Amino acid sequence: MSRYAPSEIEPKWQSAWNEAEVFLAKRDESKPKYYVLEMFPYPSGRIHIGHVRNYTMGDVVARFKSSTGHNVLHPMGWDAFGMPAENAAMASGGHPGTWTYQNIDTMRDQMKPLGLSIDWTREFATCDPEYYGQQQAMFIDMLDKGLVYRKNATVNWDPVDMTVLANEQVIDGCGWRSGAPVERRELTQWFFKISDFSEDLLEAIDGLDNWPEKVKTMQRNWIGKSRGLQFAFSIVDAPAHHDRIEVYTTRPDTLMGASFVGISADHPLAKELAAENPEIAAFCEECRKGGTTEEAIEKAEKLGMNTGLTVRHPFDTSWELPVYIANFILMDYGTGAIFGCPAHDQRDFDFATKYGLPINYVFEPADGALNDKEAFVPLKSEKVNYIRGFAGEEVQTGEEGVNSAVDFCEANGVGHGVTKFRLRDWGLSRQRYWGCPIPVVHCEACGVVPEKKENLPVRLPDDVTFDKPGNPLDRHPTWRDCTCPKCGAPAKRETDTMDTFVDSSWYYARFTAPHATTPTVKEDAEYWMNVDQYIGGIEHAILHLLYSRFFARAMNETGHLPDKSREPFNALFTQGMVTHAIYENAERKNENGRTIYHYPDEVEERDGDVFVKATGERIKVIPSAKMSKSKNNVVDPVAIIQQYGADTARWFVLSDSPPERDVEWTASGAEAASKHLARVWRLAAEVGNAPETGKGDEELLRATHKAMFEVTQGIESFGFNTSIAKLYGFTNTISKSQAGREAKRFALKTMAQLMSPMTPHLAEEMWSMLGGEGLVAQAPWPVPDEAMLVEDTVTLPIQINGKRRDEISVPKDMPKEEVEKLVLENDAVKKALDGGSPKKLIVVPGRIVNVVI
RNA sequence: GCCCGCGUGGUGGAAUGGUAGACACAGAGGACUUAAAAUCCUUAGGCCGUAUAGGCCGUGCCGGUUCGAGUCCGGCCGCGGGUACCA
């Protein structure tokens with residue numbers, strides 16, 4: 001072979017690894033274990049470049065850890081339940097399962113050529129009955145422990161299709177298929193009691209030392225611990241059943257600025273009033289319009305209706321406040337009722353302005369004047385001057401004001417201080433087919449009864465159709481029919497399936513014993529857990545990671561995970577997303593009136609405008625968005641792999657952009673990556689041409705040790721792009737070096753090792769060409785000799801008043817005084833001083849000198 | 001709306017509070033070649049300048065802290081992610 005030929009060497013080394021079972025993970029108490037996990041993919045159909053980036057990063061870590069003496073577990077599986085499979089079945093017939101397993105086969109075939117160091121014997125899909133049956137077993141254990149319960153919750157209801165919609169299926173407040181305005185409707189649903197763990201989940205964040213600060217901040221805010229006051233307003237001329245309205249407030253210090261009380265349209269009082277008053281009933285209906293997302297509710301126009309009722313202010317019974325029903329108050333949070341203080345809350349301010357309610361300022365800036373055109377909402381940590389305060393100092397922080405107000409109210413019999421969390425219980429019911437069936441039975445006599453464990457898995461039926469909207473399990477002629485596990489009487493199965501977040505909340509634990517007949521196996525979980533390095537997208541910062549943290553706790557309490565695994569991920573790295581422009585057809589919609597999106601390779605650019613190649617239709621380009629199948633802006637890496645090889649693709653996705661940052665995908669550069677790898681290969685192939693000994697052996701040796709140090713540092717800190725930059729530099733050094741054969745051979749063998757996590761096939765090829773022993777994948781990582789890293793002289797830049805003017809070269813450990821002397825003799829410095837002496841002379845040893853004049 | 005990020009040459013980006021632009025892409029110029037491909041070399045933030053002299057400006061915008069700010073603090077602007085049924 002006379003040139004770099006990835007299509008020949010890549011399959012060759014992949015077989016060599018397979019034969020040597022290099023990536024097979026076996027328990028081995030003699031070595032420290034290391035569990036690397038990348039968030040498993042949804043089998044959407046084809047891998048995209050974001051997958052390549054994600055899994056290559058994990059592979060670099062896995063291979064690096066393996067060569068530093070760790071027993072590595074690096075598995076792969078499929079997050080296989082979910083809506084797209086049902087959508088595909090609706091769009092083109094067929095069964096979601098067939099679609100899913102075909103996608104998995106395709107994607108596995110696309111991934112394997114990448115040469116990832118994965119133990120494929122542990123592969124599973126969450127839609128395998130073997131997996132979801134164990135999930136059902138855990139559900140039953142959690143039900144026994146009181147961690148699961150049923151209550152009412154709101155869903156998006158499509159009144160035309162008579163079906164529940166996912167938030168994604170609500171577009172501009174309307175159902176995606178019917179186009180009808182969506183309503184919020186209550187349904188009895190299953191919940192996990194994640195709120196039992198609010199405090200624990202919050203406090204334990206402090207211990208997550210190797211998690212990104214931003215993720216921890218987001219989780220803290222999401223859990224949202226707040227201290228406030230819960231108290232009741234008594235109602236004037238109270239209707240039957242309701243003499244008081246219980247409210248919760250985080251700002252009791254603003255009680256003297258209250259100007260109205262607002263209740264949710266789903267509040268029991270609102271419902272009672274609606275029953276007698278058609279106008280109120282109509283308004284409550286109006287409030288239920290629109291989707292369930294926080295965003296939709298927050299952004300919707302704030303509407304209220306005066307109920308005609310009034311309540312007494314707790315401090316002054318002659319002061320009456322009107323009671324409004326308002327569309328922005330959620331029954332799910334707090335008590336479903338608030339008091340409004342327009343002076344210090346912008347939303348309340350807008351509401352008060354709209355409905356002509358008074359605005360009474362409670363405090364003003366400690367220095368400066370109020371602007372009464374808007375609410376005054378300072379940080380809670382900021383000192384303010386209370387002009388209508390009732391507890392604590394006149395000038396105090398908002399936080400102090402709140403605490404004094406709670407104490408005062410408690411002392412005066414107005415409610416009590418309570419701690420609340422924003423975090424709500426996790427609703428896991430889905431009215432859909434393609435998910436894990438909730439293993440319970442509804443019996444007329446016994447009520448809700450869990451299925452017997454020996455009857456698990458409760459399998460999804462295969463004979464289902466998707467020609468009608470709604471849940472096929474509900475329509476199935478016989479699947480629901482069963483007998484009560486308790487009394488044996490005829491009963492009906494639950495038709496709700498589980499949220500797919502349940503599937504992904506414990507897969508990391510299942511990988512430690514993927515084919516066991518219990519959810520986990522004690523010894524395996526004990527050995528392999530926790531995940532030492534978890535890698536995934538920042539888009540999962542809250543939901544997936546929080547649910548997983550909860551689930552690990554629940555599994556611990558039901559005996560499926562050891563105590564140490566209550567926090568399952570020791571270290572987390574959130575890689576950036578690969579983004580790409582979205583190409584929206586500007587001239588045409590599809591038959592349902594929906595926007596048409598085009599794939600990147602379907603369009604072309606002409607004179608600054610973008611057109612569809614086939615039809616010439618104009619395209620509206622929406623720049624830089626997360627790659628998403630529904631927007632068709634995914635880039636297929638298979639062509640790159642076929643043209644240049646896996647190593648080029650791997651090298652390319654790691655180089656240039658820092659792993660944590662989003663990257664806008666551009667295809668230019670793959671060619672250059674390939675050229676570079678060919679150059680490195682050539683250097684290795686030509687090493688024999690070098691003379692026996694040469695000039696610069698010592699220099700090359702030093703450069704080699706420096707490369708070991710710098711590349712290792714990059715890998716350890718997830719700076720793969722900088723590691724690669726150093727490898728480019730090292731390549732240039734070798735290429736220019738006049739050193740002899742042995743020095744070059746050593747440099748290139750080191751190069752092979754340092755490149756092996758990123759371009760493992762090329763590394764093996766070089767290793768074997770250069771006479772390396774065994775597989776480079778199993779060779780120990782090169783460790784630099786500290787003595788070779790020390791530089792004798794350093795270049796010190798000289799700044800004058802903070803601007804670089806000159807530089808001097810001095811021995812590395814020259815004392816400060818001598819450096820100062822040298823600096824004062826420097827021409828540029830002398831010229832600037834003009835005979836005078838400097839105001840200040842700053843010498844930072846080994847770094848910089850600054851002369852202040 | 002709210003929470004969390006990000007913003008540096010034509011482009012991707014580098015830079016423990018210490019020489020801004022490493023390393024690369026695209027570009028320009030050159031060598032080799034009958035030619036091309038491949039390869040190698042040189043060059044490059046902007047402005048002024050005959051300039052490898054010298055000077056000024058420069059990390060989204062405005063201000064602050066510091067001997068020194070891309071980096072820390074405050075306020076804006078723009079973009080991205082999440083917002084509990086997309087995964």
Side-chain angles (χ1 to χ4, degrees), chain A residues 3 39 41-42 44 79 81-84 155-156 164-170 189 194 212-215 217-222 224 291-300 302 328 332 346-347 422-432 499-501 504 537-544 546-547 574 576-577 579 623-626 628-630 655-658 660-664 666 668-669 671-673 675-676 678-679 682 719 721-722 724-729 732 735 795-799 801-807 838-842 844 846-853:
Chain A
R3 56 187 191 86
M39 291 179 184
Y42 179 79
S44 53
D79 189 11
F81 274 136
M83 283 200 320
V155 293
N156 300 307
V164 177
L165 298 178
N167 286 334
E168 194 190 43
Q169 297 170 320
V170 179
Q189 310 232 64
I194 190 170
E213 215 46 57
K214 63 183 167 190
V215 174
T217 306
M218 281 190 257
Q219 292 218 352
R220 284 191 187 103
N221 292 340
W222 185 262
T292 57
T293 65
E294 188 184 77
E295 185 191 4
I297 291 161
E298 282 288 328
K299 280 192 174 166
K302 309 293 178 286
F328 55 86
D332 293 338
Q346 194 56 45
R347 185 186 63 189
R422 203 186 82 96
L423 179 65
R424 307 198 296 260
D425 276 333
W426 173 8
L428 70 118
S429 289
R430 296 293 180 268
Q431 293 70 44
R432 272 187 267 285
D499 178 7
T500 55
F501 273 123
S504 55
I538 186 66
E539 67 269 30
H540 296 294
I542 298 176
L543 293 181
H544 162 63
L546 192 62
Y547 288 152
T574 53
M577 282 169 301
T579 63
S624 204
K626 174 172 91 163
S628 154
K629 198 159 160 57
S630 62
S655 57
D656 289 353
S657 37
E660 69 277 9
R661 199 181 301 182
D662 290 351
V663 286
E664 170 79 19
T666 52
S668 63
E671 174 91 28
K675 278 184 189 172
H676 176 75
R679 184 175 175 221
R682 224 166 26 243
N721 57 323
T722 55
I724 284 182
K726 299 297 181 191
L727 285 165
Y728 269 107
N732 290 338
S735 168
T795 304
L796 288 187
I798 298 179
Q799 293 185 333
N801 287 338
K803 295 201 177 216
R804 185 183 164 280
R805 288 295 181 240
D806 204 354
E807 58 184 37
K839 259 191 221 160
K840 208 169 176 182
L841 187 55
I842 294 152
V844 184
R847 300 300 288 178
I848 204 164
V849 177
N850 192 6
V851 186
V852 186
I853 294 171

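Remember, predicted model here, so these are calculated numbers, not experimental data. Throughout, protein chains are lettered first and strands after them, A, B, ... in sequence-line order, and every chain is numbered starting at 1. All values below were derived from every heavy atom in this structure, side-chain atoms included, with hydrogens, water molecules and symmetry-related copies excluded.
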- [ ] May I ask you to verify whether the side chain of A:E294 and the base of B:G1 hold a donor-acceptor pair under 3.5 Å?
- [x]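 Present.
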Task: Short side-chain N/O contact to B:U66 OP1/OP2 from A:K840, under 4.0 Å - done: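 For A:K840, the contact criterion (side-chain N or O under 4.0 Å from OP1 or OP2 of B:U66) is not met.
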Task: Protein-nucleotide distance (A:W222, atom CH2; B:A84, atom C1'), rounded to Å - done: 4 Å
Task: Nearest-neighbour nucleotide for the A:R804 side chain, B:A20, B:C23, B:G81 considered - done: B:A20
Task: Spacing between A:Q346 atom CD and B:G1 atom C1', to the nearest angstrom - done: 11 Å
TODO: Counting Watson-Crick and G-U wobble pairs only, both distances under 3.5 Å, name the nucleotide matched with B:U59, or none.
DONE: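 By the stated definition (distances under 3.5 Å), nothing pairs with B:U59.
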Task: Separation of B:G54 P from A:K803 NZ (nearest whole Å) - done: 16 Å
Open item on the list: Does A:G576 reach a base, just sugar-phosphate, or nothing at all? Heavy atoms under 4.0 Å.
Closed with: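 The answer is nothing, as A:G576 stays clear of every strand by at least 4.0 Å.
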Open item on the list: Counting the atoms with a prime plus P, OP1 and OP2 as sugar-phosphate, which does A:P658 contact under 4.0 Å by heavy atoms, base, sugar-phosphate, or nothing?
Closed with: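 The answer is sugar-phosphate, as A:P658 gets under 4.0 Å only of primed atoms, P, OP1 or OP2.
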Open item on the list: Base, sugar-phosphate or nothing for A:N221? Non-hydrogen atoms, less than 4.0 Å.
Closed with: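 A:N221: backbone/sugar contact only, no base atoms under 4.0 Å.
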Open item on the list: Taking the minimum atom-to-atom distance to the side chain of A:D499, which one of B:C86, B:A84, B:C85 wins?
Closed with: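 Nucleotide nearest to A:D499's side chain: B:C85.
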- [ ] Starting at atom CZ of A:R679, determine the distance to atom P of B:C23, rounded to an integer number of angstrom.
- [x] 12 Å
Open item on the list: With a 3.5 Å limit on both atom pairs, tell me what B:G1 is paired to, counting Watson-Crick and G-U wobble, or say none.
Closed with: B:U83
Task: A:M83, nearest nucleotide to its side chain (from B:A87, B:U39, B:A84) - done: B:A87
Open item on the list: Would you measure the distance from the P atom in B:C61 across to the matching atom in B:U8 and give it in whole Å?
Closed with: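 10 Å, rounded to whole Å.
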Open item on the list: Checking contacts here: which listed nucleotide (B:G81, B:U19, B:C40) is nearest the side-chain heavy atoms of A:E539?
Closed with: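 So the nucleotide nearest the side chain must be B:G81.
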Open item on the list: Does A:Q189 reach a base, just sugar-phosphate, or nothing at all? Heavy atoms under 4.0 Å.
Closed with: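 Base contact.
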- [ ] Compare side-chain N and O positions of A:R661 against OP1 and OP2 of B:G81 and report whether any pair is under 4.0 Å apart.
- [x]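 Negative; the distance criterion is not met.
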TODO: Name the nucleic acid region contacted by A:K299, choosing base, sugar-phosphate or nothing; use a 4.0 angstrom heavy-atom cut-off, strictly under.
DONE: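 A:K299: base contact, heavy atoms under 4.0 Å.
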TODO: Mind checking A:Q169 for me? I need base, sugar-phosphate or nothing, with any heavy atom below 4.0 Å counting as a touch.
DONE: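 Nothing, no nucleic acid heavy atom in range.
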Open item on the list: Rounding to an integer number of Å, can you tell me how far A:L546 CG sits from B:U83 P?
Closed with: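 Distance check: A:L546 CG to B:U83 P gives 12 Å.
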Open item on the list: Any base atoms under 4.0 Å from A:K726, or only sugar-phosphate, or nothing? Heavy atoms, all strands.
Closed with: nothing
TODO: Identify the nucleotide, in any strand shown, that forms a Watson-Crick or G-U wobble pair with B:C23, with both distances under 3.5 Å; if there is none, say none.
DONE: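 Check on B:C23: paired to B:G12, both distances under 3.5 Å.
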- [ ] Rounded to whole angstrom, note down the C1' distance from B:A44 over to B:U11.
- [x] 14 Å
- [ ] Determine the contact category for A:R422: base if any of its heavy atoms lies under 4.0 Å from a base atom, sugar-phosphate if only primed atoms, P, OP1 or OP2 are that close, otherwise nothing.
- [x] base
Task: Nearest-angstrom distance from the residue atom CG of A:N721 to C1' of B:C23 - done: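 Taking atom C1' of B:C23 as the reference, CG of A:N721 is at 10 Å.
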Open item on the list: Under 4.0 Å, heavy atoms only, any strand: does A:V215 hit a base, just the sugar-phosphate, or nothing?
Closed with: nothing
Open item on the list: Say we look at B:A69 and B:U19: how far apart would their C1' atoms be, to the nearest angstrom?
Closed with: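 After rounding to an integer number of Å, I get 14 Å for this pair.
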Task: Nucleotide paired to B:G18 in any strand shown, Watson-Crick or G-U, under 3.5 Å - done: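 When the pairing criteria are applied, B:C67 turns out to be the nucleotide that pairs with B:G18.
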Open item on the list: Tell me if the side-chain of A:R805 makes a donor-acceptor pair with the base of B:U19, cut-off 3.5 Å, by modelled atom types.
Closed with: no
Task: Minimum-distance nucleotide to A:Q799 side chain [options: B:A38, B:A20, B:A84] - done: B:A20
- [ ] For the side chain of A:V155, starting at C-beta, report the closest nucleotide among B:G13, B:U83, B:C85.
- [x] B:C85
- [ ] Using both distances under 3.5 Å as the test, list the Watson-Crick or G-U wobble partner of B:G78, or none.
- [x] B:C6
- [ ] Give the rounded distance in Å between these two atoms: CZ of A:R682 and C1' of B:C40.
- [x]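 The distance from CZ of A:R682 to C1' of B:C40 comes to 10 Å, rounded to the nearest Å.
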TODO: Remember a base hit wins even if backbone is also touched, and classify A:K839 as base, sugar-phosphate or nothing at under 4.0 Å, heavy atoms.
DONE: nothing
TODO: Give me the ring orientation class for A:Y728 and A:H676: parallel if the planes are under 30° apart, tilted from 30 to 60°, perpendicular past 60°.
DONE: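 Because their plane-to-plane angle lies in the 30° to 60° range, the rings of A:Y728 and A:H676 count as tilted.
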Open item on the list: Using a heavy-atom cut-off of 4.0 Å across all strands, would you classify A:L423 as base, sugar-phosphate, or nothing?
Closed with: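 Result for A:L423 = base.
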Open item on the list: For a quick check of understanding: with a heavy-atom distance under 4.0 Å over all strands, which category does A:S429 fall into, base, sugar-phosphate or nothing?
Closed with: base
Open item on the list: Which nucleotide wins on minimum distance to the side chain of A:R432, given the candidates B:C85, B:G12, B:C4?
Closed with: B:C85
Open item on the list: Just to be sure I understand the rule, does A:H540 reach a base, reach only the sugar-phosphate, or reach nothing, if contact means heavy atoms closer than 4.0 Å?
Closed with: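 A:H540: base contact, heavy atoms under 4.0 Å.
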Task: B:G9: syn or anti, per glycosidic angle within 90° of 0 - done: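 Judged by the O4'-C1' to base torsion, B:G9 sits in syn, the angle falling within 90° of 0.
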- [ ] Determine the contact category for A:A672: base if any of its heavy atoms lies under 4.0 Å from a base atom, sugar-phosphate if only primed atoms, P, OP1 or OP2 are that close, otherwise nothing.
- [x]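 Sugar-phosphate only.
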- [ ] Can you tell me, in whole Å, how much space there is between the C1' of B:G60 and that of B:G70?
- [x]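 Here B:G60 and B:G70 have their C1' atoms 12 Å from each other.
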- [ ] Go ahead and name the base partner of B:C40; Watson-Crick or wobble counts if both distances stay under 3.5 Å, otherwise write none.
- [x] B:G30
